[in-house]
Participant: 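Okay, here's the structure, questions in a sec.
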Amino acid sequence: MRLLFFAMSSAGYGETLIGMSLARQLRVAGIESFFIVEPTSERLLRGSGFPYLVLNNSMGSFATLLVDETVRDFRPDAIVLSDYFTYCGVFPKRYGIDPWFIERYGLPIMPIDIWEWANTEFAVDVFQGKSMGVTRRIMDMPTHLRPVPICHLDEEPGTYPFRLWEGNERVSRRTRHHLRETFGMAPEDRMVLLAVAGWQQDRYADENGDRIADQVPELLVHYLRQLPPSARFVLVGSVPPVLADLADRAHVIPACSPHRFNVLLGSVDLVLTLNLGATTLARAVLSDIPGLVLTNRFDVPEKPDIDRVEAELSGLSEDVRSWLSRTLPMYPFRMWPLGFHSFLDPIVAKNPYISTFAHAELLDEPAVLSALHGVLYDRGVQDDLARERAAYLETLTDHPGTPEVFASAARRLGLV
């Protein structure tokens, strides 16, 4: 069988990594894969062993001619969208093309459904008081491939949960020691990884999104500065300039090769993120590496609303109050700085994945500091999270492997 993957991430790696993970796991079943990507993802495909085509938005509608040629030469049996949401948005916005031109090939379309769309209202909350509507076309597609972690493991008619990552990112003790020596770290130092995707530091056509993208790192630096000197930071990707204030105890690394990032991930003591849906977090959980997610549930449009936040949190530090006063309006987000807070309610509800990492509200300074200290230095907290990860991983182990899951989806489409 041959699969044509559309992985059209234009400012991040997550959706492409999910598609590549699926394709790698299907290799053992003799399934061949070809990727169509944006320039951002070429770094990932180069050297991966997968053939690929890079499209660029400067091509405009001519991009479809290259896709036509690829379909003619590769002769796929099905098309995989990695993922549905990204695919729906990129072609209209960046190419001026109706994304459903692919239907003219007469091939089954298999969307990777990261957000469990059937449980949503097909509207995504973004920035301050805005909503982004998404086509319901996925509901007409007979199979939905859902990556786990992130999605629930529960099987429903037409949904096929597959393991997001096929391996363990842990590195050898020798490699870990060598990396820390290279960074000038002592053996007892704690290494914290914060990866910032390009889209998290993009310029948006929204003043609130731009402001929150710029201002949140300032508050994060305030928190990280309060950790003991033995806490050291590795900042990867589109690192905000304000994080340069951590230069004396941080290493800033631009977006790097998959191999180098894997070594970094496998060597750290904590993955810190402001994105609940981050693939880096999911990979950490699968590799038994602790994680901490910072999100914001508060809508704070004006200064009088700060008192309401303080009441709900049973207090607000002076530093946070001052920062919040300068930052307003503040909106809820589970994926900084976009929003996606209420949209992700169905993903969070009764999902055992959520218990595998620590979580704190961004505006709750005592809770953030307690979570950071606990995961890095408190054996009791570490053991509790380790037990949650172990229980979750045991459940995954009992679930059918990805080739078997995909075979079931393919049978539903009449491909096997």
Side-chain angles (χ1 to χ4, degrees), residues 12 14 85 89 114-117 119-134 150-151 194 196-197 199-220 222-223 240 272-278 281 291-317 319-351 353-355 357-371:
F85 184 38
I114 297 177
W115 309 121
E116 299 185 3
W117 284 98
N119 300 322
T120 76
E121 298 297 325
F122 286 86
V124 184
D125 53 302
V126 291
F127 307 130
Q128 181 70 32
K130 291 185 177 181
S131 179
M132 180 192 308
V134 179
I150 299 176
C151 290
L194 174 65
V196 183
W199 59 265
Q200 291 180 295
Q201 286 296 282
D202 226 339
R203 293 295 90 183
Y204 304 99
D206 186 283
E207 62 178 3
N208 293 310
D210 289 341
R211 186 183 62 259
I212 296 301
D214 290 339
Q215 292 293 100
V216 165
E218 178 186 319
L219 184 59
L220 186 60
H222 168 68
Y223 292 149
L272 174 64
T273 182
L274 290 93
N275 175 9
L276 180 66
L281 176 66
L292 170 60
V293 180
L294 303 180
T295 61
N296 172 55
R297 64 180 172 89
F298 295 102
D299 183 15
V300 197
E302 299 177 338
K303 285 191 176 181
D305 296 294
I306 296 177
D307 292 335
R308 172 179 51 80
V309 176
E310 182 171 26
E312 288 192 43
L313 292 177
S314 300
L316 204 61
S317 74
D319 289 307
V320 172
R321 175 179 278 274
S322 174
W323 177 86
L324 194 50
S325 297
R326 301 192 308 272
T327 303
L328 297 179
M330 183 81 167
Y331 51 86
F333 58 78
R334 284 186 170 122
M335 291 178 61
W336 165 75
L338 296 181
F340 284 59
H341 195 276
S342 61
F343 174 68
L344 292 184
D345 281 344
I347 286 283
V348 171
K350 298 180 181 179
N351 190 340
Y353 172 55
I354 304 302
S355 66
F357 49 82
H359 170 261
E361 283 290 335
L362 181 68
L363 300 181
D364 190 345
E365 180 164 344
V368 172
L369 296 179
S370 176

Participant: Measuring only between side-chain heavy atoms, which start at C-beta, is P329 closer than 4.5 Å to F127?
Facilitator: no

Participant: Under the salt bridge (charged side-chain N to carboxylate O under 4.0 Å, His left out) rule, what pairs show up with a residue in residues 329-347, not counting sequence neighbours?
Facilitator: R334-D345

Participant: By side-chain hydrogen bond (donor to acceptor under 3.5 Å, both in side chains), which residues pair with D299, not counting sequence neighbours?
Facilitator: Q128

Participant: Among side-chain atoms of S342 and D125, is any donor-acceptor pair under 3.5 angstrom?
Facilitator: yes

Participant: Within a strict 4.5 Å, meaning less than it, do heavy atoms of the V320 and V309 side chains meet?
Facilitator: no

Participant: Please enumerate all residues that pass ring pair (Phe, Tyr, Trp, His ring centres under 6.0 Å) together with F298, with sequence neighbours excluded.
Facilitator: none

Participant: Are any of the side-chain heavy atoms of V196 and P240 separated by less than 4.5 Å?
Facilitator: yes

Participant: Starting at CG of L219, measure out to CG of L294 and round the result to the nearest 0.5 Å.
Facilitator: 9.0 Å

Participant: How far does CG of N351 sit from CG of L344, to the nearest 0.5 angstrom?
Facilitator: 11.0 Å

Participant: Give the intermediate values and the outcome of side-chain contact (heavy atoms from CB on, under 4.5 Å) for residues Q200 and W336.
Facilitator: CA-CA 7 Å; Q200 291 180 295; W336 165 75; 3.5 Å; yes

Participant: Which heavy atom of I306 sits nearest to which heavy atom of L324, and what is that distance?
Facilitator: CG1-CD2, 4.0 Å

Participant: Holding to side chain to side chain contact (heavy atoms under 4.5 Å, CB included), I want the full list of residues that pass it with D307, two or more places apart in sequence or in another chain.
Facilitator: E310, R321

Participant: Could you check if a side-chain atom of V293 sits within less than 4.5 angstrom of a side-chain atom of L272, using non-hydrogen atoms only?
Facilitator: no

Participant: Can you find a heavy atom in the side chain of E361 that is under 4.5 Å from one in the side chain of E312?
Facilitator: no

Participant: Could you work out, with salt bridge (Lys or Arg N to Asp or Glu O under 4.0 Å) as the rule, every residue matching D206, not counting sequence neighbours?
Facilitator: K130

Participant: Is a side-chain N or O of D305 found less than 3.5 angstrom from the main chain of E302, in a donor-acceptor match?
Facilitator: yes

Participant: Sequence neighbours left out, what passes side-chain hydrogen bond (donor to acceptor under 3.5 Å, both in side chains) with N208? Give chain and number order.
Facilitator: R211

Participant: Ring centroid separation for F340 and F333, is it under 6.0 angstrom?
Facilitator: no

Participant: On a heavy-atom basis, which atom in I150 and which in W115 lie closest, and how many Å separate them?
Facilitator: CG2-CZ3, 4.3 Å

Participant: Name all residues meeting the side-chain hydrogen bond (donor to acceptor under 3.5 Å, both in side chains) criterion together with S322; count only those two or more places apart in sequence or in a different chain, and write none if there are none.
Facilitator: R326

Participant: Once salt bridge (Lys or Arg N to Asp or Glu O under 4.0 Å) is applied, do any residues pair with E116, and if so which ones, sequence neighbours excluded?
Facilitator: none

Participant: Can you name the nearest heavy-atom pair linking L276 to L281, along with the distance?
Facilitator: O-CD2, 3.9 Å

Participant: Can you name the residues that form a side-chain hydrogen bond (donor to acceptor under 3.5 Å, both in side chains) with E121, not counting sequence neighbours?
Facilitator: none

Participant: Determine whether a donor-acceptor pair (N or O, by modelled atom type, separation under 3.5 Å) exists between the side chain of Q201 and the backbone of A213.
Facilitator: yes

Participant: Who passes ring pair (Phe, Tyr, Trp, His ring centres under 6.0 Å) against Y331, sequence neighbours left out?
Facilitator: none

Participant: Measuring from L274:CG to I212:CD1, what's the distance to the nearest 0.5 Å?
Facilitator: 11.5 Å

Participant: Is there a donor-acceptor contact under 3.5 Å linking the side chains of H359 and T295?
Facilitator: yes

Participant: Could you report the tightest heavy-atom contact between L316 and L363, atom names first, then the distance?
Facilitator: CD1-O, 3.5 Å

Participant: Can you find a pair of side-chain heavy atoms, one from I114 and one from I347, that are under 4.5 Å apart?
Facilitator: no

Participant: Distance from L292 atom CG to F357 atom CZ, nearest 0.5 Å?
Facilitator: 9.5 Å

Participant: For a quick test of reading the model, state the closest non-hydrogen atom pair linking S317 to E365 and the distance between them.
Facilitator: OG-OE1, 2.6 Å

Participant: Can F122 and M132 be said to form a side-chain contact (heavy atoms from CB on, under 4.5 Å), step by step?
Facilitator: CA-CA 8 Å; F122 286 86; M132 180 192 308; over 6 Å; no

Participant: Could you tell me which residues satisfy salt bridge (Lys or Arg N to Asp or Glu O under 4.0 Å) with D319, sequence neighbours excluded, listed by chain and number?
Facilitator: none

Participant: Considering all heavy atoms of both residues, which atom of A278 and which atom of T273 are nearest to each other, and what is their separation?
Facilitator: CB-OG1, 3.9 Å

Participant: Counting only N and O atoms by type, is there a donor-acceptor contact under 3.5 Å from the side chain of D210 to the main-chain atoms of Y204?
Facilitator: yes

